[in-house]
J.: 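Dropping the structure in here first, questions after.
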Amino acid sequence: MSNLNKILHNKISCKSLWFMRQAGRYLPEFREIRSKNQNFINLCLNSELSSEITLQPIKRFDLDSAIIFSDILMVPYALGQEVNFIKNEGPVLGNLNMNNILKVNKESFSKKLSPVYRAIDITRKKLPKEKSLISFIGAPWTLLVYMLGIKKADNNLNLKKLNIKDLKLGDLINKLVKILNIHIQNQVDAGADVVQIFDSWAGLIPSANIQDLCYSPNAKIVEFCKKKKISNICFPKGIKLKYKEFNNFVKPDGINIDYEIDPQWAKNNLTDVVIQGGLDPKALLKPEDEMIEVATKYIKTFQNTPYVFNLGHGLLPETDPDKLTTLIKFYRNY
Ligand code: CP3
């Protein structure tokens, strides 16, 4: 059993190190592959390269877990929606065709993402047995933000898009839950042993809708994982004090806190769950002593509890990989 699973599953306190977006643009070896592969979706569908990218941070930093190189938007892609990653702008999706999406079945969905599952299989075979291979999904709400183009540039919501006349939001969320559970099972069957559920835009949801758009769909997915004994970590980013309500309702194995959450508050209020992360990725852009000071706060707070050291969001592209090496050394020697 990997250390990450010992912590999540058996609640044993030990060290297990990985970082969100550990495979990505801050690594020169990633940028080199990326420069030769302009189409991001095609890169995610290239099993050999995807596996190579997944292993890059393991080779460089000897981390305890690998997270498969893919994207949450591979799901809308496999549901037949057009997905484009536009330089300096981020992802832009084509119009959503509700009827087409509701028609997609397990077989056609799984077939479209078979290169992702093959990448997991290849990676698992190359990864030392004691290391975890983490799979992930975007939670339904966060996928909908992209699928419906809900978020405006200023991070305000275009809520009108949620009221499109013939859009049955509940049906769409239920369909996504079903499809996402299939995607989780496929990734686990291919060799992943943990799933992280990213609800990156949960913080945008108005209070009145948070139960239906965030807690309930996350809970259904976690319930599926528990039934199948799949270790799971939720990340409802940006919901502030509602983290407590989320945790009590969803009951995941692990919960990733974001950088706005006070670690001591989390320790006191998030109970019966393994806490992961929290450190602001911007701390890695600061001078070394400042970075170490903030990191120490997290390590000290969670010293005697099962805790997975990680960030409060993904590593930023401007991060110096040597800074990460320093942080890793500090944590391992602490
Ligand atoms: O190392 C890892 O963490 C694994 C790979 C991974 C990627 N995306 C690769 C990627 C993971 C876990 C994701 C998740 C993801 N994708 C999320 C949830 C986590 C989060 O950051 O909040 C979201 C919201 C997306 C959607 C997405 N994909 C956006 C908004 C963008 C463009 C801007 C950005 O944040 O980088 C992507 C592209 C993307 N996904 C890149 C990588 C390495 C950058 C690709 C490039 O331009 O070279």
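Atoms within a ligand are numbered from 1 in the order they appear, just like the ligands themselves. Keep in mind that what you see is a predicted model, and the values were worked out from it rather than measured.
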J.: Looking only at side chains, do Asn256 and Asn310 share a donor and an acceptor under 3.5 Å apart?
T.: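 Note: Asn256 and Asn310 side chains miss the donor-acceptor criterion.
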J.: Does ligand 1 have any atom sitting under 4.0 Å from a heavy atom of Gly138?
T.: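 Per 4.0 Å heavy-atom rule, Gly138 does not contact ligand 1.
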J.: Can you report which non-hydrogen protein atom sits closest to atom 36 (O) of ligand 1, along with the distance?
T.: Arg25 NH2, 2.3 Å
J.: Keeping Thr319 on the side-chain end and Tyr26 on the backbone end, is there a donor-acceptor pair under 3.5 Å?
T.: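 Judged by distance alone, no pair lies under 3.5 Å.
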J.: As an exercise, identify every atom of ligand 1 less than 4.0 angstrom from a heavy atom of Ile68.
T.: 4 (C), 5 (C)
J.: Just distances here: any N/O of Arg34 and N/O of ligand 1 closer than 3.5 Å?
T.: yes
J.: Can you check salt bridge (Lys or Arg N to Asp or Glu O under 4.0 Å) on Lys36 and Glu32, steps first, answer last?
T.: CA-CA 7 Å; Lys36 295 181 210 139; Glu32 192 182 333; 3.4 Å; yes
J.: Specify the protein heavy atom at minimum distance from atom 27 (C) of ligand 1: its residue, its atom name, and the distance to 0.1 Å.
T.: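 For atom 27 (C) of ligand 1, the nearest protein heavy atom comes out as Asp71 OD1, 3.7 Å.
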J.: Please write down residue, atom name and distance for the protein heavy atom closest to atom 11 (C) of ligand 1.
T.: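 Going atom by atom, the protein heavy atom closest to atom 11 (C) of ligand 1 ends up being Phe136 CZ, 3.5 Å.
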J.: Among all protein heavy atoms, pick the one closest to atom 29 (C) of ligand 1 and tell me residue, atom and distance.
T.: Pro91 CG, 3.6 Å
J.: Between Phe30 and Phe69, does the ring centre distance come in under 6.0 Å?
T.: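 Yes, close enough.
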J.: Classify the side-chain pair Gln276/Trp18 by whether it contains a donor and acceptor separated by less than 3.5 Å.
T.: yes
J.: Should Lys237 and Trp201 be marked as a side-chain contact (heavy atoms from CB on, under 4.5 Å) after you check the CA-CA gap, both sets of side-chain angles, and the distance that decides it?
T.: CA-CA 6 Å; Lys237 185 174 176 286; Trp201 297 113; 6.0 Å; no
J.: What residue and heavy atom of the protein are closest to atom 18 (C) of ligand 1, and at what distance?
T.: Ser200 OG, 3.2 Å
J.: Pick whichever of Phe19, Phe40, Phe235 has a heavy atom sitting closest to atom 41 (C) of ligand 1.
T.: Phe40
J.: Do side-chain atoms of Lys11 reach the backbone of Lys6 as a donor and acceptor pair under 3.5 angstrom?
T.: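 Pair absent, no side-chain N/O of Lys11 close to backbone of Lys6.
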J.: Looking at Glu260, is its backbone amide N or carbonyl O close enough to the side chain of Asp258 to form a donor-acceptor pair, meaning the two atoms are under 3.5 Å apart?
T.: yes
J.: Tell me which one of Thr142, Asn37, Ile197, Ile72 gets a heavy atom nearest to atom 17 (C) of ligand 1.
T.: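 Going through Thr142, Asn37, Ile197, Ile72 one by one, Ile72 has the nearest heavy atom to atom 17 (C) of ligand 1.
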J.: Ligand 1 and Arg21, any nitrogen or oxygen pair closer than 3.5 angstrom?
T.: yes
J.: Checking side-chain polar atoms at under 3.5 Å, does Gln185 have a donor or acceptor matched by the opposite partner on Asn181?
T.: no
J.: Distance under 4.0 Å to a non-hydrogen atom of Ala23: what atoms of ligand 1 satisfy this?
T.: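 Ligand 1 atoms under the 4.0 Å threshold to Ala23: 1 (O), 43 (C).
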J.: Which heavy-atom pair separates Ser2 from Lys131 by the least distance, and what is that distance?
T.: CB-C, 4.1 Å
J.: Number the atoms of ligand 1 from 1 as they appear, then name those within less than 4.0 Å of a heavy atom of Ile67, with their elements.
T.: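 Those qualifying, in numeric order: 1 (O), 2 (C), 3 (O), 4 (C), 12 (C).
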J.: Under 3.5 Å, is there a donor-acceptor pair between the side chain of Lys267 and the main chain of Thr301?
T.: yes
J.: Looking only at protein heavy atoms, which one is nearest to atom 20 (C) of ligand 1, and how far off is it?
T.: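 Checking every protein heavy atom, the shortest distance to atom 20 (C) of ligand 1 gives His313 NE2, 3.2 Å.
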J.: For Phe198, take its heavy atoms, then give the atoms of ligand 1 lying under 4.0 Å from any of them.
T.: 12 (C), 18 (C), 19 (C)
J.: For atom 38 (C) of ligand 1, what is the closest protein heavy atom, and at what distance to 0.1 Å?
T.: Phe85 CE2, 3.5 Å
J.: Does some non-hydrogen atom of Phe30 fall short of 4.0 Å from ligand 1?
T.: yes
J.: Which of the listed options, Trp18, Phe69, Trp201, Tyr146, holds the heavy atom that is closest to atom 43 (C) of ligand 1?
T.: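 Heavy atom nearest to atom 43 (C) of ligand 1 belongs to Phe69.
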J.: In terms of residue, atom name and distance, what is the protein heavy atom nearest to atom 6 (C) of ligand 1?
T.: Ser70 O, 3.6 Å
J.: May I ask you to test the Lys112-Val104 pair for a side-chain heavy-atom distance under 4.5 Å?
T.: no
